[in-house]
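Read through the structure below, which is laid out as structure tokens, and then see the notes.
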Protein chains: 2
Amino acid sequence: MTEKTAGIRDVAAHAGVSQTTVSHVLNATPHTRVSEDTAARVRAAAEELGYRPNRLARGLRTQASDMIGLVTEEIATTPHAGRIILGAQEEASRRNLTLAIINSVLNPEPEVDAAQIQAFLDRQVDGIIYATVYHDVIVAPENLRSRPAALIGARDSAGAIPAVLPDERAGAAAVVEMLARAGHRRIAFAASAEDVPATRGRLLGYLDGMQAAGLPSDDLVAAGTADARGGYRASLELLDRFPTAVFCYNDRMAVGAYRAAGERGLVIPADLSIVGFDDQAPIPDSLFPTLTTVSLPHYEMGAWAVSKLADLIHGKDEETLLAEHPTVLACPVVERESVAPPRLGSPE
Amino acid sequence: MTEKTAGIRDVAAHAGVSQTTVSHVLNATPHTRVSEDTAARVRAAAEELGYRPNRLARGLRTQASDMIGLVTEEIATTPHAGRIILGAQEEASRRNLTLAIINSVLNPEPEVDAAQIQAFLDRQVDGIIYATVYHDVIVAPENLRSRPAALIGARDSAGAIPAVLPDERAGAAAVVEMLARAGHRRIAFAASAEDVPATRGRLLGYLDGMQAAGLPSDDLVAAGTADARGGYRASLELLDRFPTAVFCYNDRMAVGAYRAAGERGLVIPADLSIVGFDDQAPIPDSLFPTLTTVSLPHYEMGAWAVSKLADLIHGKDEETLLAEHPTVLACPVVERESVAPPRLGSPE
DNA sequence: CTGAAAGCGCTTACAG
DNA sequence: CTGAAAGCGCTTACAG
């Protein structure tokens with residue numbers, strides 16, 4: 001099954017040159033001149049033998065494995081993790097790097113994470129990405145510091161590791177301003193009762209957006225659990241105050257908001273506009289009408305982490321890199337069908 | 001940042017023994033006797049220096065990288081891929097193997113897949129898993145044969161690669177039989193119009209279940225697109241024939257079925273029971289009432305593939321392994337709130 | 001019970 | 001322009 005594959009020695013013999021020359025030609029080693037004639041012979045031999053350099057051997061010699069380790073927290077429970085992995089993997093491929101992954105659980109005991117990371121270090125990974133669901137600040141495992149590292153979805157308590165976060169606050173403000181531009185004045189917010197950074201960021205963004213549009217927000221906020229049931233209950237409460245639009249903390253709450261609207265005989269979007277947050281497949285496209293929402297830059301964060309790591313590995317000045325710390329990526333509004341101007345017309 | 005780490009040579013010097021002895025002690029090499037005294041000294045030295053074997057170097061020497069490559073097709077678009085990855089990763093960790101991943105696109109051009117796989121081969125992976133969304137038979141990339149391999153979600157046209165598939169037919173039959181046991185006789189099926197194996201398997205399973213329960217299925221099948229809209233339309237059509245339960249091809253169609261039921265003034269599950277397929281988060285828990293459905297063994301298939309590969313790598317007889325080809329894993333029913341006995345009572 | 005030596009497949013000063 | 005030799009950090013016959 002695993003038939004003997006050609007090594008650099010075979011190529012050298014076949015081309016009638018030394019291993020050194022083969023290496024120089026195939027790697028286009030700088031500051032090295034090889035006659036075009038010899039080079040052609042080497043390439044022909046490599047081609048003919050189907051030679052592929054053994055990257056384990058190369059790594060051992062160059063002390064660079066060209067592997068990046070990605071530790072994802074709870075890939076199982078967060079449906080978004082897939083896009084982080086995808087972004088990281090594609091960026092890695094572009095750079096001829098290989099991505100290895102390990103799943104982790106949210107800091108059950110610090111030693112567990114440390115062990116996972118150690119497994120990567122044993123493999124001589126060139127860098128490590130530690131991806132969490134959105135946390136404010138985490139205490140990075142000690143041994144994460146022994147290699148170039150990047151954090152997704154959290155900042156390091158020591159502030160020493162480059163990090164990337166979604167700009168949820170600006171995304172929330174943007175969708176509120178979009179509603180305001182559509183003519184809405186009474187825009188309610190179905191907030192989350194969970195104590196996580198996203199709760200604060202999205203609420204703050206809602207307030208920012210209302211303020212930017214010169215709209216009052218008193219009495220237009222109600223909180224619920226961050227699921228369909230919580231969205232249903234919060235929306236019922238909110239609908240008593242006659243908003244023309246409801247912005248939900250997340251798409252799952254928006255599912256509940258749709259139901260609440262239906263019970264009150266409100267047609268979306270004619271009688272009530274609804275927007276969500278997360279762009280969590282398959283919710284937005286499964287709803288009638290489809291849900292306008294705000295998306296999280298998971299793919300982009302994954303790709304960002306790999307580029308940052310590549311820069312770090314190749315010795316770009318870390319001082320400069322940390323200056324912009326933490327990096328924040330936009331959460332774009334994804335327009336679908338659940339928003340329309342309010343029925344009563346523009347209030348001006 | 002990357003301070004010099006201790007090597008086996010350092011441990012040997014520190015313990016006053018040879019590298020050979022250190023290796024023997026730390027690896028517990030069979031057929032080798034080392035005095036307990038010496039062994040203790042070696043372990044103490046290793047501990048003190050924080051020695052970790054370099055697995056790149058070990059791999060080069062032993063010709064085993066202890067890495068497994070996972071090629072996933074369209075991890076981006078299938079929300080389930082995450083669980084395949086998780087299953088594979090956790091099983092790999094249990095076996096002290098590392099999982100590297102590459103995303104692929106559904107056979108855009110065969111060369112692309114081959115290149116992805118080549119990247120893994122260059123890394124000397126010990127085995128490769130090729131995971132697809134559910135296909136009947138695929139033509140495996142040529143170079144997949146050069147190492148132990150396993151297929152998830154498809155069979156190889158040559159039938160030479162161990163494969164694992166979900167038993168969708170049996171899962172569908174099981175949920176239909178469950179409905180029959182609850183007293184339903186008119187169980188409709190909202191089928192998919194897509195031409196994929198799952199379409200056939202689930203329909204066949206429905207028919208199996210109806211037959212096993214001695215129920216007629218004429219006129220109780222309607223097809224639609226495999227999304228909420230298609231489920232809505234198919235259900236509307238089906239409801240004209242007064243079923244007491246609707247089994248939907250997938251959870252997204254079930255979303256549409258809920259809406260159709262709502263429009264007809266039917267309360268779920270009192271007036272109408274609905275079940276889906278896929279257990280696709282976050283749908284089942286977002287619906288009112290929560291959706292009883294059938295889950296796909298993604299985690300199990302990922303784990304299965306890694307174990308199979310490990311067996312192959314360690315030389316278990318491939319003949320035996322292929323005998324059971326392809327392996328089929330159960331799709332268990334996940335009971336939630338959307339099923340109840342029919343209003344009109346048992347028909348007997 | 002222990003160790004000297006070879007070698008996995010590469011890259012890279014260094015010499016010519 | 002080209003090559004001989006060392007060495008990355010391990011494991012493993014083999015010898016004693």
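Below, read A as the first sequence line, B as the second, and so on, with proteins coming before strands; counting in each chain starts at 1.
Residue contacts for A:T38: at a heavy-atom cut-off of 4.0 Å it reaches the sugar-phosphate backbone alone, with no base atom in range. Nucleic acid contact class of B:R55 (heavy atoms, under 4.0 Å, all strands): none. Residue A:S35 is classed as a sugar-phosphate contact, given heavy-atom separations below 4.0 Å to backbone atoms only. Base engagement by A:R33 is indicated by at least one non-hydrogen atom pair under 4.0 Å involving a base atom. Residue-level contact check: B:T62 touches the backbone only, with heavy atoms under 4.0 Å from sugar-phosphate atoms and none from bases.
For the OP1/OP2 pair of C:dC8 and a distance below 4.0 Å, the side-chain nitrogens and oxygens of B:R58 include no atom meeting the criterion. An OP1 or OP2 oxygen of C:dG7 is reached within less than 4.0 angstrom by no side-chain nitrogen or oxygen of B:R61. Between A:N27 and C:dT11 there is a side-chain N or O to OP1 or OP2 distance below 4.0 Å. Listed pair B:Q63 / C:dG9 meets the phosphate criterion, a side-chain N or O lying under 4.0 Å from OP1 or OP2.
Taking the charged nitrogens against the carboxylate oxygens, B:R43 and B:E36 do have a contact shorter than 4.0 Å, which makes a salt bridge. A salt bridge between B:E300 and B:R83 is absent, with no side-chain N of the basic residue lying under 4.0 Å from a carboxylate O of the acidic one. Salt-bridge annotation for A:D122 and B:R55: absent, with no side-chain N of the basic residue lying under 4.0 Å from a carboxylate O of the acidic one.
Distance, B:H24 NE2 to D:dC10 P: 15 Å, rounded to whole Å. Between A:Q19 atom CD and D:dC1 atom P the separation is 22 Å, expressed in whole Å. Between B:R9 atom CZ and D:dC10 atom C1' the separation is 10 Å, expressed in whole Å. Atom CG of B:D66 and atom P of D:dT11 are 11 Å apart (whole Å). Here C:dG9 presents its P atom at 9 Å from CD of B:Q124, a figure rounded to the nearest Å. Counting to the nearest Å, the C1' atom of D:dG7 and the CD1 atom of B:I8 are 16 Å from each other. As a whole-Å value, the separation of A:R41 CZ from D:dC1 P is 14 Å. Atom pair B:L60:CG and C:dC10:P shows a separation of 9 Å (rounding to whole Å applied).
Between the side chain of B:T20 and the base of D:dT12, at least one donor-acceptor pair of N or O atoms lies under 3.5 Å.
Ranked by how close their nearest DNA chain D nucleotide is to the 5' end, B:Y51 and A:T32 are led by A:T32. When the nearest nucleotides of DNA chain C are assigned to A:G7 and B:T21 by heavy-atom distance, the more 5′-ward of the two goes with B:T21. Checking B:V34 against A:V22, the closest nucleotide of DNA chain C that is more toward the 5' end is the one next to B:V34.
Within a 6.0 Å radius of CD in A:E47, other residues, nucleotides and ligands contribute 12 heavy atoms or fewer.
Here C:dA13 sits opposite no nucleotide as a Watson-Crick or G-U wobble pair (both hydrogen-bonding atom distances under 3.5 Å). Base pairing analysis places C:dA4 opposite nothing; no Watson-Crick or G-U wobble pair with both distances below 3.5 Å involves it.
Side-chain contact of A:S93 with A:Q89: a donor-acceptor pair under 3.5 Å is present, judged by distance alone.
B:T98 is not listed as a side-chain neighbour of B:D66, based on a closest heavy-atom distance of 4.5 Å or more.
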